[in-house]
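Written below as structure tokens is the structure these notes are about.
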Number of protein chains: 4
Amino acid sequence: MSKRKGQKFDKIIDAAVLVIAKHGFHQAQVSKIAKEAGVADGTIYLYFKNKEDILISLFQEKMGSFVETSNLKIKQEKTIEDKLNVLISSHFAQLERDYHLAVVTQLELRQSKVELRQRINQVLKGYLLLIDEIVQEGKKSGTFHVDLDPLLARQMIFGTLDEVVSNWVMSEGKFSLTNQTNTVQEMLLHGLTGKKERG
Amino acid sequence: MSKRKGQKFDKIIDAAVLVIAKHGFHQAQVSKIAKEAGVADGTIYLYFKNKEDILISLFQEKMGSFVETSNLKIKQEKTIEDKLNVLISSHFAQLERDYHLAVVTQLELRQSKVELRQRINQVLKGYLLLIDEIVQEGKKSGTFHVDLDPLLARQMIFGTLDEVVSNWVMSEGKFSLTNQTNTVQEMLLHGLTGKKERG
Amino acid sequence: MSKRKGQKFDKIIDAAVLVIAKHGFHQAQVSKIAKEAGVADGTIYLYFKNKEDILISLFQEKMGSFVETSNLKIKQEKTIEDKLNVLISSHFAQLERDYHLAVVTQLELRQSKVELRQRINQVLKGYLLLIDEIVQEGKKSGTFHVDLDPLLARQMIFGTLDEVVSNWVMSEGKFSLTNQTNTVQEMLLHGLTGKKERG
Amino acid sequence: MSKRKGQKFDKIIDAAVLVIAKHGFHQAQVSKIAKEAGVADGTIYLYFKNKEDILISLFQEKMGSFVETSNLKIKQEKTIEDKLNVLISSHFAQLERDYHLAVVTQLELRQSKVELRQRINQVLKGYLLLIDEIVQEGKKSGTFHVDLDPLLARQMIFGTLDEVVSNWVMSEGKFSLTNQTNTVQEMLLHGLTGKKERG
DNA sequence: GATGAATGAGTATTCATTCAT
DNA sequence: GATGAATGAATACTCATTCAT
């Protein structure tokens, strides 16, 4: 699809993140991205098939490692509680690290048209499967409730994390995301009524 | 803002929902909405300031009663558990009742540009306050954990409900939403580990 | 295809002829045509599907009557000699009358891409059939040679007329076209060796 | 203008004919020609000033010998009738020999813009002069009519040959071109009425 | 001589909004 | 109030040509 050779590929991706975060998705013209990347408009098309390809590549490039990073960290933990904790902290940490990118993925890219969103969702699928694994393992080990609905569980976990991050982005990153890790973990494990054993 | 007098106002709103659900947000031109509503293009501008105003009005009109309906039902319950249950069932029921509308609010309207989304979020605020009240009351009554972070709690509740509904819409409404009420309530109350006292 | 109602349709067609003749086919942008026609760019698209539709309509509109006019005049003549004479004089007269149009049809429109040229050729077919009829009738009546190859005959007649007109256009209309009628008729009837009975 | 040294010059010309015949004039990009010729894009510009220069050179290169070949053959004939016959047969034969080239010169190159066509016409001038000579000689010798208009005569001859060849190309070469020589000669000599003394 | 990555000018078309009737 | 013809701003992509290597 898009040729990854050369530094220009990365330059353009980074420029796209910056331009979209700065001017918004609908004001992110190809010419603006090219200017920000310090290349000619036509150069964009030596590395990307079309504008949509920039956005998809951006998501794959920047979010592709997301799953892998989380996956590796989770594998290193033994208990389900720790795996969940690491899932949350990794999710928060990776997005907190790059506020511009978080703006793009949490807000701006959701404005794209359906076809593009579907391509983006495919990248997300890998992450959802990662959550599914934790849920399954948690049930098997007895840590999670035996009757837990796996799909609903995943939706609660992802829905919560996504909503927290979105609120963080909309608050313009004014509070620490990673600091919330333990609290969110407790809430997911024991719900609204849950006893906070640590505190 | 928009003059609510006359039946044409409603006709246009309904036409907008239909056109967006049928053709998607990006193919919902003013002229198409006008045709579906059986009025001239120019007539739209006698009832709405601009296209954005149609969409905001749509959201206010269709979602305005949402909060009130949920609010009334919640007030009728005594225990926090029941209030939460009614919040969930009301949320699910109202969206399940009108699939077209659910498509528009869960998927299509999220493709709009930031300014519009912010206007839409203002309408949502009333709903978030409703959740906040339940959380606050739950803490006061001792049903919810005393150290519960109210903001995070609200984010978990809304994030979960929103994610569940979005998944339902994307599955094209192929499973029952309201049937999930009790399970979701249990999960929110006791988390992934929680004992399911009812079942 | 294109809505013919209103004076704007004709205005745009005439503007297209003028702009193409003045600036050449490759410099005839839609915006230039719109400006010449005194309408907004977008107005063009209320009357024509796209730019190509303007050019095809132009050809149909301006050349459509060409065949009919020639046809009617030919029908009024009795002898084959007179029918041929009228074919030639009508061909020359109609193109000489509007030099701009002749430039467009003889030179500029031949630069268009294949698909467009094929659409244009379909309009020409009617004219070729008219020539075919004269050839056929001339053979039947004994005026033309009994062994005359009808296809070659048509190619000689049309090829000659087209080449004469093209030379006239390229000479920038500096000599009279209609004045050549009789000479061309003689040449077609009796060839390079032929005795000029009239003169 | 264009440096003729080296085999690459010819390679590029031949590639251009092939690419234009295969993909059509408007899809014959420089990069495509370069690829077909097995050279880099930039190399083209070591041998040709610009794209237009390729096309003009192509025409000169491939059509340059056309005139000379015809000229030599004509000089070998004594009577005007035979000279005309050879002109026609040579014209037909040379184009029939290379269908690809005929497509390019009869159809595709006529889609080029006016400036290019004028350059191409200059190459044609040599051929038209050859025809002019025959006409002049025919009149002097008494074979052609004494009052024959030389310019019109040339236009009839060239117009007829060109139209016949164009029809042959458009029919995708499905009939023999050279077989038509005698018939066309008869028609040019004696016109539509002419007695076919040979047949 | 040869390369090919980089350049950047140029243009058809859509659609929200207006305003004369 | 209602109409709908007219407006015109705004933007992705191609490809001939260059020039550093």
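Residue numbering restarts at 1 for every chain, and letters A, B, ... go by the order of the sequence lines.
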With a 4.0 Å cutoff (strictly under), does any side-chain N or O of D:Lys8 reach OP1 or OP2 of E:dA2?
yes
Angle class for the D:His26/C:His26 ring planes (parallel below 30°, perpendicular above 60°, tilted otherwise)?
tilted
Taking only the side-chain heavy atoms of A:Thr43 (C-beta and beyond), determine which of F:dT7, E:dA6, F:dG1 contains the nearest atom.
E:dA6
By nearest nucleotide on DNA chain F, pick out whichever of B:Val39 and C:Ile44 is the more 5' one.
B:Val39
Rounded to the nearest 0.5 Å, how far does CD of B:Gln111 lie from CD of A:Gln111?
9.5 Å
Distance, rounded to the nearest Å, where B:Asp53 contributes CG and E:dA16 contributes P
14 Å
I need the CZ-P distance between A:Phe25 and F:dT11, as an integer number of Å.
13 Å
Check the distance between F:dA10's P and A:Lys32's NZ and give it to me in whole angstrom.
11 Å
Let's test this: given Watson-Crick or G-U wobble pairing with both distances under 3.5 Å, identify the partner of F:dA20.
E:dT3
Both A:Ala40 and C:Gln27 contact DNA chain E. Taking the nearest nucleotide for each, which residue is further toward the 5' end?
A:Ala40
Provide, to the nearest angstrom, the distance between the CZ atom belonging to D:Phe9 and the P atom belonging to E:dG1.
13 Å
Between F:dA5 (C1') and C:Gln7 (CD): distance, integer Å
12 Å
Tell which nucleotide pairs with E:dA9, taking only Watson-Crick or G-U wobble pairs whose two distances are both under 3.5 angstrom.
F:dT14
Can you check the C:His26 NE2 to F:dT14 C1' distance for me, whole Å?
15 Å
About how many Å separate OG of A:Ser112 and CD of A:Glu52, when rounded to the nearest 0.5 Å?
8.0 Å
Measuring from atom CG of B:Leu109 to atom CD1 of B:Ile120, what distance do you get when rounded to the nearest 0.5 angstrom?
3.5 Å
Using a strict threshold of under 4.0 Å (side-chain N to carboxylate O), is an ion pair present between A:Glu36 and A:Lys22?
yes
Under-4.0 Å side-chain N/O to phosphate OP1/OP2 contact, A:Tyr47 with E:dA5
no
Atom-pair distance (CG on C:Leu46; C1' on F:dT7), nearest Å
9 Å
Report the distance from atom CD1 of A:Ile54 to atom CD1 of A:Ile13, rounding to the nearest 0.5 Å.
7.5 Å
Between A:Lys62 and A:Asp14 (salt bridge meaning N to carboxylate O under 4.0 Å), is one present in this structure?
yes
Protein and nucleotides 12-14 of chain E: nitrogen or oxygen contacts under 3.5 angstrom:
{"residue": "E:dA12", "atom": "OP1", "partner": "C:Lys51", "partner atom": "NZ", "Å": "3.0"}
{"residue": "E:dA12", "atom": "OP2", "partner": "C:Val30", "partner atom": "N", "Å": "3.3"}
{"residue": "E:dT13", "atom": "OP2", "partner": "C:Tyr45", "partner atom": "OH", "Å": "2.9"}
{"residue": "E:dT13", "atom": "OP2", "partner": "C:Lys51", "partner atom": "N", "Å": "3.0"}

Quick one: D:Ile33 CD1 to E:dG4 P, roughly how many Å, whole number?
17 Å
